[in-house]
Undergrad: 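Got a structure for you, questions after.
The structure presented is a predicted model; accordingly, all values stated were derived computationally and were not measured.
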Amino acid sequence: METPSTRPWPDAPRPLLVAAVLVTLEGLFGVGFGIAEAFHTTPARATMGVTTSLFFAVFGAALVGCAWGLSRSAAWARGPVLIAQLLALGLAWNFKDGDTWPASIALAVPAVAVLIAMLRPESLAALDGPGHPDEDADEDR
């Protein structure tokens with residue numbers, strides 16, 4: 001008999017798994033950007049280069065960790081992922097004019113897709129989990 005930890009795919013609903021895949025890709029892109037920034041840091045901007053690469057590497061790794069949490073329907077992953085998507089939408093808005101509009105599209109499309117997937121009723125139910133206070137209050141009536 002398969003236990004939850006030995007199943008090939010978690011029990012998370014499909015929209016939450018889609019969100020987890022997209023967030024994983026965002027996180028891997030962040031880690032990659034941090035590594036690329038580290039290799040392109042010059043002595044003239046060493047402090048900025050090191051802090052930028054560390055920020056993006058840590059932020060990307062944290063997103064990958066949160067994506068793993070989403071794939072397991074872990075409620076703790078919801079907040080950080082939603083905040084990251086809202087930040088991505090803010091950056092997309094700032095990049096909408098001029099030569100940076102492709103970056104705006106690249107930031108906005110996955111962010112909107114993740115938000116839609118995470119706010120679907122089945123995703124919300126999975127992240128609330130059994131024993132959620134609202135569910136307990138309904139049982140008391």
Side-chain angles (χ1 to χ4, degrees), residues 1-140:
M1 175 177 228
E2 289 185 350
T3 64
S5 62
T6 61
R7 286 189 205 125
W9 293 101
D11 283 336
R14 189 176 311 268
L16 209 51
L17 291 175
V18 168
V21 168
L22 290 172
V23 172
T24 299
L25 293 173
E26 290 173 337
L28 292 174
F29 181 80
V31 170
F33 184 79
I35 292 169
E37 178 67 24
F39 282 111
H40 290 92
T41 298
T42 61
R45 56 180 293 278
T47 302
M48 180 63 85
V50 169
T51 56
T52 301
S53 32
L54 282 175
F55 171 79
F56 278 102
V58 170
F59 183 72
L63 276 180
V64 171
C66 288
W68 177 84
L70 283 182
S71 73
R72 303 292 189 260
S73 299
W76 58 263
R78 176 181 13 204
V81 170
L82 288 176
I83 289 171
Q85 303 317 305
L86 293 175
L87 288 171
L89 286 176
L91 284 171
W93 182 259
N94 285 330
F95 288 153
K96 72 184 182 330
D97 296 324
D99 294 338
T100 57
W101 69 267
S104 178
I105 303 281
L107 286 166
V109 170
V112 169
V114 169
L115 289 172
I116 289 170
M118 287 186 63
L119 296 174
R120 301 258 320 174
E122 57 269 33
S123 296
L124 293 173
L127 291 171
D128 285 343
H132 187 268
D134 291 341
E135 195 175 284
D136 292 341
D138 290 341
E139 291 174 3
D140 293 339

Undergrad: Between atom CZ of Phe33 and atom CZ of Phe55, what is the distance when rounded to the nearest 0.5 Å?
TA: 10.5 Å

Undergrad: To the nearest 0.5 angstrom, please state how far the CG atom of Leu63 sits from the CZ atom of Phe29.
TA: 12.5 Å

Undergrad: Are the side chains of Leu70 and Leu17 in touch, meaning some heavy atoms are under 4.5 Å apart?
TA: no

Undergrad: Take Trp76 and Cys66 through the test side chain to side chain contact (heavy atoms under 4.5 Å, CB included) and record every step on the way to the result.
TA: CA-CA 8 Å; Trp76 58 263; Cys66 288; 4.0 Å; yes

Undergrad: If you look at every heavy atom in Ala111 and Ala88, which pair is closest and at what distance?
TA: CB-CB, 4.0 Å

Undergrad: Heavy atoms, side chains only, cut-off 4.5 Å: are Ser73 and Ser123 in contact?
TA: no

Undergrad: Got a donor-acceptor contact below 3.5 angstrom from the Thr41 side chain to the Glu37 backbone?
TA: yes

Undergrad: For Arg45, does the CZ atom sit with more than 12 other heavy atoms under 6.0 Å from it, leaving out its own atoms?
TA: yes

Undergrad: So do the side chains of Met118 and Pro15 get within less than 4.5 Å of each other, counting heavy atoms only?
TA: no

Undergrad: Quick check for you: to the nearest 0.5 Å, what is the distance between Asn94 atom CG and Leu89 atom CG?
TA: 11.5 Å

Undergrad: Can you find a heavy atom in the side chain of Asp97 that is under 4.5 Å from one in the side chain of Trp101?
TA: no

Undergrad: Minimum heavy-atom separation for Ala92 and Ser104, please, with both atom names.
TA: O-OG, 2.6 Å

Undergrad: Which atoms form the tightest heavy-atom contact between Leu124 and Leu119, and what is the distance?
TA: CD1-O, 3.6 Å

Undergrad: Given side chains that start at C-beta, do those of Glu26 and Gln85 come closer than 4.5 Å, heavy atoms only?
TA: yes

Undergrad: Does any non-hydrogen side-chain atom of Ile105 lie less than 4.5 Å from one of Lys96?
TA: no

Undergrad: Can you give me the closest heavy-atom contact between Ala77 and Pro80, atom names plus distance?
TA: O-CD, 3.5 Å

Undergrad: Please give me the minimum heavy-atom distance between Leu22 and Ala113, naming the atom from each residue.
TA: CD1-CB, 3.7 Å

Undergrad: Tell me, do Pro102 and Phe95 make a side-chain contact under 4.5 Å, heavy atoms counted?
TA: no

Undergrad: Between Val64 and Leu28, which heavy-atom pair has the shortest distance, and what is it?
TA: CG2-N, 4.0 Å

Undergrad: Under a 3.5 Å distance rule, please check whether Thr51 uses its side chain to pair with a backbone N or O of Met48 as donor and acceptor.
TA: yes

Undergrad: I'd like to check Val18 versus Val114 (side-chain heavy atoms, cut-off strictly below 4.5 Å). Are they in contact?
TA: no

